[in-house]
Amino acid sequence: MAAACEKNALIKLPVTSLKVGMYVSAIDHSERLTITSAGLVKHQNLVTQLQTKGIHFVWVDPTRSSFAMDKTPVLPAANGLSMSSGQHRELAHKQSRDLLFEARGLVRKVLSDTFEGKPIVIAEVEALAENIIDAVMKMPNTLKCVSALRSKDAYLLEHSVNVAVLLVTFSRYLGHDRDMLQQLAVGGILHDIGKIKVDDKLLNKPGKLTPEEFEQVKLHQTYAIDIMNEAQGLSQISKDVCLMHHEKLDGNGYPRGLKGDQLPVHGRMSCIVDIYDALTATRCYKEAMSPSAAFKILLSLTPKHLDEHLVYEFIRCIGVYPAGSLVELSDGRMGIVWETEGRKALSPVVKCFYSAKYKRYTDVTLVDLNRSNLSIVRGISPAAMPVDPSPFF
């Protein structure tokens with residue numbers, strides 16, 4: 001998964017177009033697609049063998065092919081969605097991927113500088129925050145899809161960026177002004193900065209932490225207090241996001257045990273967003289949850305730990321099936337929620353690529369549920385998918 005953000009969708013090619021040097025991920029045998037031993041085409045006689053067996057199409061991974069390929073997929077038209085729309089999506093996808101790559105790089109630099117005792121350069125973080133706000137406003141679907149690709153080995157980097165993206169998305173939904181969006185984004189980027197001073201063995205422990213170990217991990221908030229105090233030019237709201245995301249309304253949170261009205265709205269928002277992103281991420285000790293499963297947990301934490309009204313608002317903001325989440329349709333096809341902006345919660349565009357009914361890949365098709373008799377029957381966690389969905393993001 002670590003390199004998943006760099007992958008393009010698999011390309012469906014006629015066997016007659018297969019060349020030596022292409023990397024075949026799957027073969028399409030008539031009505032039934034069979035996963036075979038994936039590998040590089042080393043000899044042209046393999047093409048002849050496939051034709052002899054009646055195989056008409058293959059699925060090729062261009063990123064693993066040594067043959068210089070035209071990377072335009074040979075796939076069926078996507079339910080009337082225009083080619084210009086597809087090209088626009090591809091450009092937005094690249095811009096989102098580049099932004100998230102840049103964001104993770106900056107978080108890595110900030111963590112490294114902090115570990116070495118250097119002050120945080122707030123101007124750099126604010127510039128990134130502005131780029132995140134622009135991306136949320138201009139290309140929310142693609143940003144969510146790209147950020148949905150997670151690696152358990154890069155959790156701290158991805159979590160920091162995703163919390164910033166989610167806070168901006170949530171704040172915008174609530175009608176806050178751009179200045180608030182920027183302060184929340186900065187706080188999100190920096191919210192776990194104190195973890196740089198916690199032993200990696202504890203942060204990445206595959207099993208359950210002992211009470212003593214959990215107390216050690218909780219110290220990251222104590223470390224963050226000193227780091228925040230030394231950061232020049234950091235707003236109080238940004239500091240609050242960093243220092244309040246583990247507080248609880250009943251006063252049983254940390255580091256300060258704030259209670260009730262002591263937690264401002266932006267502090268309450270940070271608690272919700274931090275938990276949601278942690279639940280929907282793959283970690284070294286757990287698989288990622290589906291958004292719907294995460295929503296149930298958020299609701300179970302109200303009203304003692306989380307603000308009930310804000311949790312419901314967050315669910316409405318993100319949507320029951322957010323862009324980038326995995327779903328199964330009523331005809332058994334599985335895919336990625338592709339477009340949600342300006343659409344009813346239960347009628348997104350879904351990018352389908354696998355059939356649970358026939359246990360095979362299908363033609364990659366964009367299904368517009370506004371124009372279809374199909375419906376979503378359930379959300380799926382990444383671990384519950386029979387195949388790796390990352391090449392199709």
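In the model, D388 has a side-chain atom that pairs as donor or acceptor with a side-chain atom of S390 under 3.5 Å. Residues R360 and Y358 bring no donor and acceptor atom of their side chains to less than 3.5 Å of each other. D274 and H159 form a side-chain donor-acceptor contact under 3.5 Å, judged by distance and modelled atom types alone.
Only one option out of H176, Q183, Q182 pairs with D179 in a side chain to side chain donor-acceptor pair (under 3.5 Å); it is Q183.
With K351 contributing its side chain and F392 its backbone, the two residues share a donor-acceptor pair below 3.5 Å. Side chain of S300 to backbone of I297: a donor-acceptor contact under 3.5 angstrom is found. Of the possible polar contacts, one joining the E247 side chain to the L258 backbone as a donor-acceptor pair under 3.5 Å is found. Distance alone, capped at 3.5 Å, is enough to place a donor-acceptor pair between the H245 side chain and the C242 backbone. Formation of a donor-acceptor pair under 3.5 Å by the T169 side chain with backbone atoms of V165 is found in this model. A donor-acceptor contact shorter than 3.5 Å links the side chain of S96 to the backbone of A92. The backbone N or O of P322 sits nowhere less than 3.5 Å from a side-chain atom of T340 that would complete a donor-acceptor pair. Judged by distance alone, with hydrogens and angles left aside, the side-chain atoms of H93 form no donor-acceptor pair with the main-chain N or O of E90 at under 3.5 Å.
Taken together through direct or relayed side-chain contacts under 4.5 Å among Ile, Leu, Val, Met, Phe, Trp and Tyr, V364 and F393 form part of one hydrophobic cluster. In the hydrophobic clustering of ILVMFWY residues, with side-chain heavy atoms under 4.5 Å counting as a link, L279 and L310 come out together. Under a hydrophobic clustering in which Ile, Leu, Val, Met, Phe, Trp and Tyr are joined whenever their side-chain heavy atoms come within less than 4.5 Å, directly or via other members, I237 and V186 fall into different clusters. Linking ILVMFWY side-chain heavy atoms closer than 4.5 Å, directly or via other members, places L91 and M139 in two distinct hydrophobic clusters. I122 and I227 fall within a single hydrophobic cluster, where Ile, Leu, Val, Met, Phe, Trp and Tyr side chains are chained together by heavy-atom contacts under 4.5 Å.
Minimum interatomic distance between S171 and L181 (heavy atoms only, all atoms of both residues): OG-CD1, 3.2 Å. Nearest heavy-atom pair, P303 versus L249, reported as atom, atom and distance to 0.1 Å: O-CD1, 3.7 Å. Taking all atoms of both residues into account, the shortest heavy-atom contact from E328 to A356 is OE2-CB, 4.2 Å. Taking each heavy atom of P348 and V337 in turn, the nearest pair found is CB-CG1, 3.7 Å. Nearest heavy-atom pair, A281 versus K286, reported as atom, atom and distance to 0.1 Å: O-NZ, 2.7 Å. Among all heavy-atom pairs drawn from S290 and G379, the shortest one is CB-C, 4.5 Å.
Counting heavy atoms of neighbouring residues, nucleotides and ligands inside a 6.0 Å radius, atom OH of Y173 exceeds 12 of them. Residue K304 places its NZ atom among 12 or fewer non-hydrogen atoms of other residues, nucleotides or ligands, all under 6.0 Å distant. D261 CG: 12 or fewer foreign heavy atoms inside a 6.0 Å radius.
Contact of the V387 side chain with the F353 side chain is registered, since non-hydrogen atoms from C-beta on lie closer than 4.5 Å. Inter-residue side-chain proximity for Q216 and D199 is flagged as unmet; no heavy-atom pair is nearer than 4.5 Å. By the 4.5 Å heavy-atom criterion applied to side chains, L329 and V377 are not counted as neighbours. The side-chain heavy atoms of R97 and F101, taken from C-beta on, include no pair separated by under 4.5 Å. Proximity of L243 to R256: side-chain heavy atoms (C-beta onward) are separated by under 4.5 Å at one or more points. Side-chain contact between V350 and L374 is absent, with no heavy atoms from C-beta onward closer than 4.5 Å. Side-chain atoms of P386 and K359, non-hydrogen and from C-beta on, never get closer than 4.5 Å to each other. The shortest distance between side-chain heavy atoms of I315 and L299 falls below 4.5 Å.
Separating the CZ atom in F170 from the OG atom in S270 is a distance of 10.5 Å, to the nearest 0.5 Å. The distance from atom OG of S375 to atom CG of L369, rounded to the nearest 0.5 Å, is 7.5 Å. Of the inter-residue distances, the one linking T280 atom OG1 with L166 atom CG reads 7.5 Å to the nearest 0.5 angstrom. In this structure, N162 CG and L100 CG are separated by 7.0 Å, a value rounded to the nearest 0.5 Å. Atoms CD and CG, on Q221 and D192 in that order, are 7.5 Å from each other to the nearest 0.5 Å. Atoms OH and CG, from Y285 and L203 in turn, are 9.0 Å apart once rounded to the nearest 0.5 Å.
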Assess the residue pair I193 and L111 against the criterion (side chain to side chain contact (heavy atoms under 4.5 Å, CB included)); give the C-alpha distance rounded to whole Å, side-chain angles, the decisive distance to 0.1 Å, and a yes or no. CA-CA 6 Å; I193 192 72; L111 292 171; 3.8 Å; yes

Residues R333, D363; criterion salt bridge (charged side-chain N to carboxylate O under 4.0 Å, His left out); working and verdict: CA-CA 10 Å; R333 280 185 293 174; D363 286 344; over 6 Å; no

Applying side chain to side chain contact (heavy atoms under 4.5 Å, CB included) to L128 and V161, what does each step give before you reach the verdict? CA-CA 10 Å; L128 174 60; V161 177; 5.8 Å; no

V241/L184 under side chain to side chain contact (heavy atoms under 4.5 Å, CB included): CA gap, chis, key distance, verdict: CA-CA 7 Å; V241 169; L184 290 175; 3.7 Å; yes

Let's go through L263 and D307 carefully: what are the C-alpha distance in whole Å and the side-chain angles of both, what is the deciding distance for side chain to side chain contact (heavy atoms under 4.5 Å, CB included) to 0.1 Å, and is it a yes or a no? CA-CA 10 Å; L263 265 176; D307 184 304; over 6 Å; no

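Taking the six-membered ring where tryptophan is involved, the planes of H246 and H220 are perpendicular, since the angle between them exceeds 60° and thus also 30°. Classification of the Y276-F314 ring pair by plane angle, with boundaries at 30° and 60°, yields perpendicular.
In summary, K208 and E213 do not engage in a salt bridge, as defined by a charged side-chain N under 4.0 Å from a carboxylate O. For D277 and R150, the salt-bridge test passes: some basic side-chain N is under 4.0 Å from an acidic carboxylate O.
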